[in-house]
Amino acid sequence: MAQKINFILNNVELSVESATGKTLLDFIRKDAKLTGTKEGCCREGDCGACTVLIGEIINDELHYKSVNSCLYPIGKVNGKHVVTIEGINSDELTPVQHAYTEENASQCGFCTPGFIISTTGYLLKNDKPNIDSAINAVAGNVCRCTGYVSIKRALNDIVEEMKLYDNSDNVITELISKKYIPEYFSTIKERLKRLEIIELKESNKTLIVGGGTDLYVQREDDLKNEDLVFVSADAAEKIYKEGNSIFITGSTTFQELAHSDVIKELIPNIEEVNKLIASLPIRNSATIAGNIVNASPIADMTIILLTLNTALHLNDNRTVPLREFFLGYKTLAKSETEIIEKIEIQIPEGKTLFNFEKVSKRTHLDIASVNSAFIISLEDKKIVSCGLSIGGVAPIPLFLKETSAYLEGKDLDTETIKGALKIIDKEISPISDVRGSAEYKRLLAKQMFKSHFIKLFPDKISVEDL
Amino acid sequence: MKRDIENHVTGISKFVDDFPTLDGTLEAYLFYSEKAHAEILNIDYASALKSEGVADILTANDIPGENQIGGIIKDEMLFAEHEVEFIGEPIALVIADTKENAKKASNKIVVEYKDLPVVTDPREAYEKGLLIRPPQIFSGGDVDSAWSGCDVVVEGKVDSGGQEHLYLETQASYAVPTDSGLKIYSSTQSPTVVQRTISNVLNIPMHRIEVDVLRLGGGFGGKEDQATIWAVLSALAAYKLNRPVKLVLSRMDDLKITGKRHPYSSDYKIGLSKDGKILAYEVTFYQNAGAFADLSTAILERTLFHAANCYAIPNVKATGISCKTNLPPNTAFRGFGGPQGMFVIEAALHKAADVMGIDVDILQQKNLIADNDVYFYGQKVENAQAVNSWQTADEKFNLDKLKKEVRNFNEQNERFKKGFAVMPISFGISFTNSFLNQASALVHVYTDGSVGVSTAAVEMGQGVNEKIIEVCSRTFSISKNRIKIETTNTTRIANTSPTAASTGADLNGNAAKIACDNILERLKIIAAQELNAKDSEKLSIENEQVYLEGQETDLGWDELIQAAYLSRTNLSSHAYYATPDIYFDRDKNIGSPFAYHVYGTSFITVTVDCLLGIYKFDSVKIVHDFGKSLHRLIDLGQAEGALAQGIGWMTMEELVQSANGELKSNTLSTYKIPDIYSVPDEVIIEFLENSENRFGPFNSKAIGEPPFMYGIGVYFAILNAMKSFDPNLELFYNAPITPEKVLLALYPEVKV
């Protein structure tokens with residue numbers, strides 16, 4: 001199946017006949033013959049060699065974000081601007097390219113275009129760059145040669161140089177004038193507006209794609225020749241408060257969630273938590289609803305939402321509590337065509353404290369061996385309410401109902417925690433797999449539970465006590 | 001000339017899969033065994049042959065020459081016929097119009113197997129007599145009679161895991177039929193091995209096969225021997241079908257079926273005097289070779305050569321046993337067996353220090369090798385820098401202060417503990433198969449004064465091209481912009497040794513230097529004529545200008561080249577270099593196999609979260625012996641990159657196999673290599689000053705592999721941190737030290 005998809009690739013308007021499920025990477029390399037974007041790396045979004053920028057107009061402003069083109073269906077670029085390394089190049093090296101060159105921050109060169117794109121995308125998004133967020137922006141790019149030390153030096157040079165500029169202007173205008181991006185970027189906004197956007201057809205109602213970041217890893221072969229159902233990402237307000245609830249549109253990305261002030265009220269360190277979850281290009285694509293329906297027992301965002309009183313509003317007006325949504329391994333309380341439209345979180349009463357723990361072989365951007373979220377509200381010494389969830393210890397992302405119930409009404413002390421550990425032991429049933437042995441996961445789950453208390457109440461609970 | 005790196009940052013640099021393909025190009029997909037050990041009873045290709053787009057399916061029956069690709073030992077068939085011995089062993093090659101169609105067709109091939117016993121553990125293989133070749137013993141002194149004179153004797157077991165290369169560019173080859181034979185664009189570190197193996201399989205002479213290598217998207221040893229098979233497969237298909245054929249592996253196939261760093265299981269016994277001198281060391285290495293020899297025997301030898309790391313030990317006996325298992329043949333990986341050997345001696349010292357109740361760095365420092373000592377296999381030590389680099393590191397970074405900071409931190413913290421370790425290294429440079437230590441170079445000076453240089457060196461990110469440019473630029477004293485490094489091509493440079501063993505810049509740089517010197521001599525004669533000087537000896541070129549007796553003349557490089565050309569002077573030179581003074585007697589296992597050694601010392605600090613069993617790397621401070629660096633940024637980058645790989649090997653990089661030989665960690669989401677957050681917060685690498693080296697061009701030293709071994713220290717730093725959390729901790733030496741191993745060791749009571 002093929003249909004017309006209109007978009008701008010670098011400096012050229014294109015009208016492409018394609019199945020909407022084809023990956024953007026295949027289009028770029030095989031059809032457009034632009035080989036600066038690298039393939040063969042993983043097709044899992046785990047290396048970043050295929051990173052490109054996607055530009056779109058939101059609220060009359062042109063915004064860019066980095067995505068992994070190996071996991072990005074071409075249907076999703078309909079009406080947008082796609083930037084590959086070739087679209088960044090000018091006659092002379094850009095200051096970003098120059099910094100990488102000066103610091104020798106490229107050895108074999110295979111991963112390098114991805115780093116340049118991620119770094120340039122970072123500058124397009126941040127008018128006040130600093131080294132920590134710059135590192136975070138390239139954290140999804142893997143390099144096997146440099147050991148990253150020279151890349152950090154290059155990023156530092158870039159950030160320092162940017163600090164010299166007065167960034168009061170529009171960031172795109174600013175970057176064009178300093179030659180970080182070519183002149184043609186100034187014309188993109190108008191050209192995107194002029195682009196004829198044809199509504200895409202859907203050939204198969206069960207092939208529903210949100211961000212695609214899990215689906216394409218698992219089922220690229222099933223998707224690439226199909227016209228998919230794209231969950232609309234255009235809701236004006238994706239996260240909002242209404243009454244005693246927070247509503248999150250299903251297509252909200254991880255990155256949007258992490259930057260939401262509404263969410264920050266509930267989970268103040270959500271940005272830090274988000275950093276542990278996935279790389280920026282993945283967070284730019286992956287959706288909250290997608291994380292839930294993928295039903296991984298170790299899904300980070302789902303584990304967080306499980307601690308809260310969360311309900312899922314499906315597109316046929318059905319509502320299912322999140323804690324009742326997972327029936328068994330990858331089995332959901334929804335039909336094949338039902339879509340999560342909104343996620344409703346009841347705002348807990350009183351002051352709550354939240355903590356998230358995740359342990360994996362590699363600290364960042366790895367799938368957890370075990371993860372756990374905990375929310376608690378105290379009155380004096382008494383636990384008024386709490387919610388504990390642990391991932392990787394059951395066939396489903398697990399809300400520990402009995403442990404949570406046990407804790408409620410008890411005093412916050414060592415005895416309570418020790419008592420709860422016994423219940424956790426009964427509630428979890430980890431299995432051995434590539435992410436760790438059953439005995440390790442069991443031990444780790446309990447250590448994490450202790451860690452929640454040690455982190456949230458350092459004055460009351462210490463390592464020695466437990 | 002643009003530098004390579006300028007093409008990298010603009011995405012202009014091409015890799016095999018980026019080359020524009022010719023009309024009529026077909027794509028190949030390998031059909032391989034899904035069984036680790038089985039008899040093949042029947043194979044049905046009928047349905048696959050009818051599959052969409054299929055051009056042909058090639059099997060052992062289609063091989064015109066020998067069905068054999070083994071390098072050192074001829075034990076590896078290109079296509080299995082009656083028995084398969086690892087998951088991934090080639091059975092047939094499917095060729096179709098697209099890779100997708102070839103893969104689809106390959107899924108339609110039906111094989112009937114009869115399962116045979118699977119062995120994945122090297123000790124089990126040894127018990128069953130499954131060996132690649134008989135055990136090999138290197139020894140010096142007499143360990144057996146030395147034990148009685150030791151005050152402390154410690155024994156134990158040490159394991160180290162394998163490691164996936166994870167070169168970002170997967171294995172790739174593109175074979176194109178030519179009038180007379182084939183041209184192969186291969187992502188290989190060993191163009192001649194590719195050429196020779198194709199010649200053998202196709203039964204055509206080597207001169208009909210041209211192998212061309214532009215660059216590799218990373219190699220790390222993974223493309224020394226194991227790029228060959230893909231080149232041979234594509235060549236066979238191109239030859240049989242008379243069409244260009246491309247073969248590029250998917251990441252998952254690459255992870256699943258190509259060899260890795262060898263896992264080792266080892267037993268050691270170490271004896272010391274009470275004042276800390278190592279008197280005797282006995283070690284047996286059980287190397288997990290996988291199903292076929294590949295480079296395993298050479299790798300095992302290097303393990304033996306590095307069994308004592310940088311320590312002078314009078315009595316050593318090191319036994320190497322290469323064990324045949326049902327895993328993909330393991331292969332070269334940065335360090336080439338050296339790291340596995342060095343990990344064991346470091347573990348032995350660590351354990352001995354624990355038994356003696358002293359800090360291990362006291363033992364390490366006391367036993368550092370020095371000039372006039374003898375490496376236990378007979379090589380006399382010259383120009384040793386072990387003590388020098390240790391002392392320089394101490395002066396620059398203050399060993400006692402670092403240790404004290406760690407102690408203070410640990411006294412004040414309960415949950416988090418810091419650990420400190422020193423990792424000194426000594427790594428021998430030269431192929432231990434002495435004949436490989438040769439190289440040649442072809443230098444052309446064109447009439448416009450620009451220079452083209454061909455050597456046997458393959459550029460894979462290690463910067464060998466820029467180093468050779470540096471050598472030529474310094475020799476001629478002309479701008480680097482005038483010099484271009486050509487592809488590595490077997491028609492320009494024949495009989496190439498692999499670009500491996502850290503020797504690429506040494507061997508090829510020396511050859512290029514000789515070629516430039518040859519041309520320079522001829523140019524000086526022309527310059528003497530032009531300047532009416534009697535003696536060309538009194539001439540020199542500096543900054544592209546001819547000098548006579550130290551005085552600048554009007555004669556510049558461009559004019560000089562023109563004059564030379566017009567007076568019919570040969571402006572090309574093919575030159576040859578062989579490393580002098582190296583030999584090794586394989587009957588006695590005694591000799592002087594290395595041109596020189598590279599030394600250095602690292603100080604490592606880590607922090608362990610003893611509640612969750614996770615850790616971070618605080619700082620790595622290194623003094624490294626670079627010789628007189630040809631290019632400081634390149635050398636620094638090599639050291640930084642090697643360190644990260646070493647840390648990865650010791651910590652997060654874990655290959656998980658099931659008992660039936662299947663790789664479970666077969667994706668980038670299950671096999672994790674260091675990311676930007678895994679780098680130590682602080683990495684300081686200082687250049688050891690005043691280190692000379694007559695074997696390296698302009699006194700430089702090899703750099704590729706040695707710094708990898710600094711990463712080994714991370715293991716001991718983590719262990720030391722754990723020990724301060726739990727003084728009763730049972731020390732264990734089983735790398736990688738994953739968060740799982742840390743946590744389970746810290747809380748042994750919960751073990752089932």
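Sequence lines set the chain letters: A, B, ... in the order given, protein chains first and strands last, and positions in each chain run from 1. Being a predicted model, the structure only gives us computed values, none of them experimental.
Residue A:Q97 touches chain B through both its backbone and its side chain, counting heavy-atom pairs closer than 4.5 Å. For A:T146, the part lying near chain B is the backbone, with the side chain staying farther off; criterion is any non-hydrogen pair under 4.5 Å. Contact of B:I634 with chain A is made through backbone and side chain together, with heavy-atom distances under 4.5 Å. Using a 4.5 Å cut-off between heavy atoms, A:L93 contacts chain B through its side chain alone, with no backbone atom that close. In this structure, the portions of A:S437 lying under 4.5 Å from any heavy atom of chain B include both its backbone and its side chain. In this structure, chain B has a heavy atom under 4.5 Å from the side chain of A:I151, while its backbone stays farther away. Only the backbone of B:P680 has a heavy atom closer than 4.5 Å to any heavy atom of chain A. Using a 4.5 Å cut-off between heavy atoms, A:A105 contacts chain B through its backbone alone, with no side-chain atom that close.
Here A:V434 is the residue among A:N141, A:V434, A:V463 with the most heavy-atom pairs under 4.5 Å with chain B. Of all the listed residues (A:R442, A:R435, A:K450, A:E357), the one sharing the greatest number of non-hydrogen pairs under 4.5 Å with chain B is A:R435. Note: B:R3 leads B:K741, B:R3, B:M252 in heavy-atom pairs under 4.5 Å with chain A. In terms of heavy-atom pairs under 4.5 angstrom with chain B, the leader among A:G147, A:S369, A:C108 is A:C108.
Ring centroid separation for the pair A:F453 and A:F374 comes in under the 6.0 Å cut-off.
One distance of note links OG of A:S150 with OH of A:Y100; it measures 9.0 Å at 0.5 Å rounding.
The aromatic rings of B:W649 and B:F708 sit tilted, their planes meeting at an angle between 30° and 60°. Ring-plane geometry between B:H165 and B:F333 is classed as parallel, the angle between the planes falling under 30 degrees on a 0 to 90 degree scale with a further cut at 60.
Residues forming a side chain to side chain donor-acceptor pair (under 3.5 Å) with A:D433 (at least two apart in sequence, or on another chain): A:K441. Partners of A:D222 under the side chain to side chain contact (heavy atoms under 4.5 Å, CB included) rule, at least two apart in sequence or in another chain, are A:R219.
Residues of residues 83-90 of chain A lying within less than 4.5 angstrom of chain B, judged on heavy atoms, are A:I85, A:N89 in numerical order.
Closest approach of B:V458 and B:T499 over heavy atoms only: N-OG1, 2.8 Å.
Residue pairs meeting the salt bridge (charged side-chain N to carboxylate O under 4.0 Å, His left out) criterion with at least one partner in residues 89-110 of chain A, sequence neighbours excluded, are A:E103-A:R153.
Heavy-atom contacts from other residues, nucleotides or ligands closer than 6.0 Å to NZ of A:K455 number more than 12.
For B:E169 and B:R215, the salt-bridge test fails: no basic side-chain N is under 4.0 Å from an acidic carboxylate O.
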